[in-house]
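Hydrogens, waters and symmetry mates play no part in the numbers below; they use all other heavy atoms, side chains included. Just so it is clear, the structure is predicted and the values come from calculations on it, not from any experiment. Just so you know, ligand 1 is whichever comes first in the structure, and atom 1 is the first atom listed for that ligand.
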Amino acid sequence: MKIMSCNSNLPLARAIAGYLELPLTDASVRRFADEEIFVEIHENVRGEDVFVVQPTSYPVNDNLMELLIGIDALRRASAKRITAVVPYFGYARQDRKPGPRTPISAKLVANLITQAGADRVLSVDLHAGQIQGFFDIPTDNLFAAPVMAADIQARYGDASLMVVSPDVGGVVRARSLAKRLDNAPLAIVDKRRDRPGQSEVMNIIGDVKDRACILIDDIIDSGGTLCNAAQALMDEGAASVTAYITHGVLSGAAVARVTNSALKELVITDSIQATDAAKDSGKIRILTIAPLIGEAIRRIADESSVSSLFD
Ligand code: R5P
């Protein structure tokens with residue numbers, strides 16, 4: 001088995017390799033003068049079971065292209081099996097046609113990864129579970145919930161908890177976390193988004209008064225959804241609001257928005273490499289999912305159960 005990384009999240013790739021007690025495969029991903037991407041693998045991978053780690057986060061198109069070219073290099077070097085480890089799957093939010101004459105870009109990206117030569121895909125908290133069906137190759141979708149639940153138990157276990165979904169679409173994810181927290185009660189923020197990139201909180205379904213609210217979502221991008229939801233919960237009398245979000249996309253002014261928000265704390269994972277601004281914010285904490293991904297890789301390589309990781 002070999003673990004290779006492109007440039008998108010080297011610290012995570014190193015931590016995964018560390019968990020598996022393997023060195024990272026010696027490879028370089030470089031740019032020509034005109035920004036073309038060039039990948040070179042400096043060791044033999046013929047007949048190997050190779051896992052290539054590359055979240056397709058910002059800059060999403062460059063990181064996607066690195067992944068595709070990395071897979072192509074591995075295929076042409078006769079790797080036996082190539083697994084695209086994409087902890088954050090960019091373009092996942094474009095998983096259906098929101099209107100006429102619009103693309104389904106998540107499906108296009110799935111096609112590109114498959115055509116490049118991937119035999120399997122491993123991702124974490126896909127925006128929608130059905131994205132697995134966009135691939136005609138085996139796809140494992142891991143959940144960060146066990147890592148989050150352990151942190152919540154350790155930090156907020158004594159509080160009167162309420163798990164909150166920031167929108168109706170996230171209820172299944174929120175319910176699954178609530179189950180792991182001794183069946184904590186569930187509330188829902190009924191949100192209406194008037195324009196893309198903007199969100200507006202309408203009302204809270206559930207009594208959050210004096211509760212330590214745990215907001216859960218897959219992505220924080222502009223931060224609008226989360227910060228508005230946190231304010232709405234505090235307005236309804238919540239004791240505190242902490243957010244657990246798998247993928248800290250944190251575009252534009254999101255870190256400043258979080259820092260100035262009603263949130264007590266934002267907890268994200270290292271599926272995306274955090275910016276310095278996020279690390280320095282004082283309100284953002286990062287949990288590692290390297291052992292979770294490392295263990296899933298070990299099980300895929302051993303051909304043992306991955307789903308039992310979540311029992
Ligand atoms: C939406 O369906 C996702 O689950 C997130 O709620 C959304 O992407 C967050 O975006 P933003 O932080 O820009 O409000």
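- Under 4.0 angstrom from ligand 1, the non-hydrogen atoms of D218 all belong to its side chain.
- Of the heavy atoms in D217, only side-chain atoms (C-beta onward) come closer than 4.0 Å to ligand 1.
- Listed by number with element, the atoms of ligand 1 under 4.0 angstrom from any heavy atom of H127 are 1 (C), 2 (O), 3 (C), 4 (O).
- For the 3.5 Å distance criterion, the side chains of S304 and R299 fail to qualify, holding no donor opposite an acceptor.
- Using a 3.5 Å distance cut-off with no hydrogens or angles, the side chains of Y91 and N61 do pair a donor with an acceptor.
- Residue-environment remark: CD (Q153) exceeds the threshold of 12 foreign heavy atoms within 6.0 Å.
- There is no side-chain donor-acceptor pair under 3.5 Å between D218 and T246.
- Note on ring orientation: taking the six-membered ring where Trp is involved, the planes of F38 and F32 are parallel (angle under 30°, cut-offs 30° and 60°).
- Comparing S222, C227, S165 against atom 11 (P) of ligand 1, the shortest heavy-atom distance belongs to S222.
- By the 3.5 Å distance cut-off applied to N or O atoms, G223 is counted among the residues near ligand 1.
- Not a single heavy atom of L226 sits less than 4.0 Å from an atom of ligand 1.
- Cluster membership check: Y19 does not share its hydrophobic cluster with M4, using side-chain heavy-atom separations under 4.5 Å among Ile, Leu, Val, Met, Phe, Trp and Tyr.
- Counting heavy atoms only, T225 comes closest to atom 10 (O) of ligand 1 of the residues I216, T225, L215.
- Counting atoms of ligand 1 from 1 in the listed order, those under 4.0 Å from a heavy atom of R93 are 8 (O).
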